[in-house]
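Just so it is clear, the values below take in all heavy atoms, side chains as well, and ignore hydrogens, waters and symmetry mates. Throughout, protein chains are lettered first and strands after them, A, B, ... in sequence-line order, and every chain is numbered starting at 1.
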Amino acid sequence: MKEITRGAVVKDAGNSVVNKTGSWRTFKPIINYEKCIRCMICWIYCPEPSIYKEDGKDYDAPKEPIKKLPVPVIDYDYCKGCGICVNECPVKAIDFVKEVK
Amino acid sequence: MLRGNESVAYAFKLARIDVFPMFPITPSTLVPERISKFIADGELDAEFIPLESEHSAISAAIGASLKGARVGTATASQGLALMHEILFIASGMRLPIVMGIGNRALSAPINIWCDHQDTMAERDAGWLQFYAESNQEGLDLILMAFKISEDKRVLLPSMVGLDAFVLTHTMEPVDVPEQEEIDEFIGKKKPEYLTLDANNPATFGAFGSPSHYMEFKYAQYLAMKNASVVIDEVFSEFTSKFGRKYSKINEEMMDDADIVFITLGSCTGTAREFIKMKRKEGKKIGLLKITVFRPFPKEEIRKALKGKKVVAVIDRNISFGFGGAVYGEVAAAMNGMDESPKIVDFIVGLGGRDITFNTFEEVLSIAEKAMNEEVDEINWIDVDKEAVEKEEII
């Protein structure tokens with residue numbers, strides 16, 4: 001059963017993380033790390049933001065020295081699939097794939 | 001002796017409101033004038049907030065009510081119309097704000113005089129609606145509205161309508177209860193809901209997605225049903241404490257009546273005197289006054305109209321493309337009656353046109369005709385139809 005509060009009050013603070021907005025997504029951006037030059041433009045443009053910087057040494061890269069740089073990783077719990085990262089990527093390293101649920 | 005607006009102001013003072021957000025508009029401006037005087041004279045300890053519009057005034061009322069304050073405000077006509085979208089937020093957030101309305105026509109053409117178009121246009125906003133026949137009723141209904149709205153079974157806002165000028169600006173003798181009596185009757189406000197509190201943070205006015213929205217609306221529907229019960233309780237408690245009788249509908253001379261006039265607001269007095277006069281001529285007419293329009297007293301009306309022959313609904317409003325709003329609601333209330341009376345609608349007194357004995361003479365003659373033959377469903381009374389038809393009918 002749902003919890004329905006009077007006047008739609010959300011009783012506890014800081015709970016917007018519970019709302020996994022990734023469920024709204026129709027198209028899913030997938031980073032192709034063999035092409036990604038780790039310029040972080042997608043990380044800057046992501047409006048959610050649901051692209052995080054992570055240590056990049058274990059990810060594929062187009063050239064070995066790039067592995068020293070941090071890598072962008074998409075958090076699919078909150079990515080709504082707006083496609084801005086796909087559009088902004090200068091090396092076309094992000095595929096946009098229709099999701100079937 | 002008090003004007004209707006002063007009745008509203010005195011009721012707010014007796015209810016010891018904490019906050020009064022306002023924007024002035026004819027014919028209800030005297031309410032904020034009096035409240036500001038009460039505060040300046042040290043008779044009322046409240047926050048007076050002048051805003052830049054009615055939209056802001058009702059928004060401020062919501063903020064103050066969320067903090068747990070007892071909030072009153074007053075408006076009319078275009079001011080109420082400007083509040084429109086926020087009215088739904090006040091009721092959706094379940095805030096017991098009480099508002100006095102000087103029932104006034106809506107533009108165009110601009111008109112400051114009485115009809116019920118302004119509040120009828122807001123009947124679906126989730127607010128309780130009361131209509132006063134006199135300044136005494138205006139004062140009493142505002143006081144009772146606080147007790148009803150703040151009841152934890154209800155928690156919905158209320159509006160109390162007083163007819164523009166006929167009540168708002170007319171002096172009448174009003175029995176103003178003692179402060180101690182009202183303190184005992186309403187008591188200090190204990191908000192029966194979560195309030196804005198830095199120590200207990202919560203989110204108010206949050207998003208309601210399709211997975212939850214409908215449940216919140218069902219909750220409001222149930223609260224309105226509860227209000228129906230709470231209104232009866234509060235009305236009868238008021239009657240036992242102050243002696244003045246209130247009920248959702250007021251029935252007079254109904255026992256042997258064949259024809260029933262249904263009225264709201266100040267024209268009830270004229271209708272009453274007219275009916276008394278006609279009764280001396282042997283005409284069996286009854287009077288049914290609707291005091292509570294939301295929640296609509298369906299059951300009570302159905303019971304009152306049992307065995308009657310013709311129901312004449314006096315509508316001081318018009319829902320274009322349909323007829324009068326009260327007519328529509330009464331007709332719906334009659335659904336399921338074994339032998340439904342014939343129901344005829346009368347559009348009268350728009351934009352402050354006087355409702356006189358002549359008006360009711362015409363109403364009665366059509367209602368009497370309806371006993372034996374077909375009559376028009378919607379009847380405009382006291383209108384120069386010829387002048388309009390010359391222009392509009394091609």
Correct closest heavy-atom pair for Arg6(A) and Glu192(B) would be NH1-O, 4.0 Å
| task | Tell me, yes or no, whether the heavy-atom count around Lys189(B) atom NZ, taken from other residues, nucleotides or ligands under 6.0 Å, exceeds 12. | result | yes
One should read off an interatomic distance between Asn200(B) CG and Lys11(A) NZ, to the nearest 0.5 angstrom, of 12.0 Å
Okay, Ser16(A) and chain B: the region with an atom under 4.5 Å from a heavy atom over there is neither
Those residues of residues 139-158 of chain B that come under 4.5 Å of chain A on a heavy-atom basis, listed by number, are Lys152(B), Leu155(B)
By residue number, those in residues 58-82 of chain B with heavy atoms under 4.5 Å from heavy atoms of chain A are none
For residues 203-226 of chain B against chain A, heavy atoms under 4.5 Å, the residues are Thr203(B), Phe204(B), Ala206(B), Ser211(B), His212(B), Glu215(B), Phe216(B)
Salt bridge (charged side-chain N to carboxylate O under 4.0 Å, His left out) filter on Asp75(A), not counting sequence neighbours, yields none
